[in-house]
Amino acid sequence: MKNRFASWLPTGLPLALGLLAATACDTSRSSTDAAASNSNVPSTTPTAAQSSGMKADAMEKNGIRLTPFSDSPKFPEAQMRLVSPPSGSTVPSGEVRFNYQVSNFILTKMSGGPEMAQMANSAKGQHIHNIVDDMPYTAHYETSFSKPIADGQHVVLSFLSRSYHESLKHRGAYDLRIINVGNAPAPAEPIIDVNKPNLFYSRPKDTYSGADAKKIMLDFYLVNTTLDSGGNKVRATINGTEFMIDKWLPFQMEGLPAGENTVKLELVDNSGTLIPGPYNSVTRTFTVAP
């Protein structure tokens, strides 16, 4: 049976109405799709940090800028083991002999990566950082070496380092132990609890000049703790200006004045209270050549 309504419409009008309705539906769908698509497009409006040329996660106070970086070459399979002296052992006075086994990491090789060209880089390549107590590290490019250590009980932290002195921070890349040197009696209590949270200072040190002085690396070593916005942190006070660090990453420091500069590092809890430990608060000076 024929549709009576359609029978009295002008010829072709039912078709026109159908096309008009379809067009309206397509237009509505296109507008919805465009809105959905646009909702996934990030805003091109720059943030204040981007407008100033500063990375969003950088911190800047009193002309000093701290910028974390994590784009260094990764060596997840690198392993280091300190063979001797054994943990807790007593060795003769004078020169102490250290012997390491290193795998999946080539000492004396250049690390490469974008950071190598931006900061002070060792011409001798990758190496081992050896830290005794809270003294500045010594860099070693072979797996066996000797260094003078005073009589008494000492803490030795060793870790693998990239050629520009950035530490490898995974478990197999470091060793922390206590040794005794000479015949002095050991203290009743060990000078450090190797199972508690501990902080060790690494960089900067010595003198920076020329291009090396533009971006100076701040790096430290943590044992038995992590950093978090709601947990432990490292309070870095640079020339009297305080920065709170909640990620274990190296940082580039910029804006440092010529002359002597001071860095104080403290391992603190979420309330800002210093966590007990013999080296959890350390102050060092370094020089930026004019």
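Predicted model only: the values in this text are computed from it and were never measured.
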With sequence neighbours excluded, what pairs up with [X] under the salt bridge (Lys or Arg N to Asp or Glu O under 4.0 Å) test?
X      : value
Asp133 : none
Asp175 : Arg177
Arg235 : Glu266
Asp193 : Lys196

Heavy-atom distance under 4.5 Å between the side chains of [X] and [Y], does that happen here?
X      : Y      : value
Leu222 : Leu267 : yes
Asp269 : Asn232 : yes
Val194 : Val223 : no

Aromatic rings His129 and His165: how do their planes relate, parallel, tilted or perpendicular, breaks at 30° and 60°? tilted
Pairwise distance [atom1]([X]) to [atom2]([Y]) - rounded to 0.5 angstrom:
X      : Y      : atom1 : atom2 : result
Lys233 : Thr226 : NZ    : OG1   : 10.5 Å
Met80  : Ser103 : CE    : OG    : 10.5 Å
Asn99  : Leu82  : CG    : CG    : 8.0 Å

Can you list everything that forms a ring-ring contact (aromatic ring centres under 6.0 Å, His included) with Phe145? Sequence neighbours excluded, please.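 By the ring-ring contact (aromatic ring centres under 6.0 Å, His included) rule, Phe145 matches Phe98, Tyr100, His140.
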Is it true that atom [atom1] of [X] has more than 12 heavy atoms of other residues, nucleotides or ligands lying nearer than 6.0 Å?
X      : atom1 : result
Ile106 : CD1   : no
Lys109 : NZ    : no
Glu142 : CD    : no

Identify the heavy atoms of [X] and [Y] that sit nearest to each other, and give their distance.
X      : Y      : answer
Ala258 : Pro290 : CB-CA, 3.9 Å
Ser93  : Asp151 : OG-OD1, 2.8 Å
Pro92  : Val181 : O-CG1, 3.7 Å

Using atom types as modelled and distance alone, determine if a side-chain donor or acceptor of Arg65 lies under 3.5 Å from a backbone N or O of Ala58. no
With sequence neighbours left out, which residue pairs that include part of residues 260-285 fulfil the ring-ring contact (aromatic ring centres under 6.0 Å, His included) condition?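 Passing the test, one end in residues 260-285: Phe200-Tyr279.
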Member of Tyr137, Tyr174, Tyr201 meeting the ring pair (Phe, Tyr, Trp, His ring centres under 6.0 Å) criterion with Tyr221: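 One option only clears the test, and that one is Tyr174.
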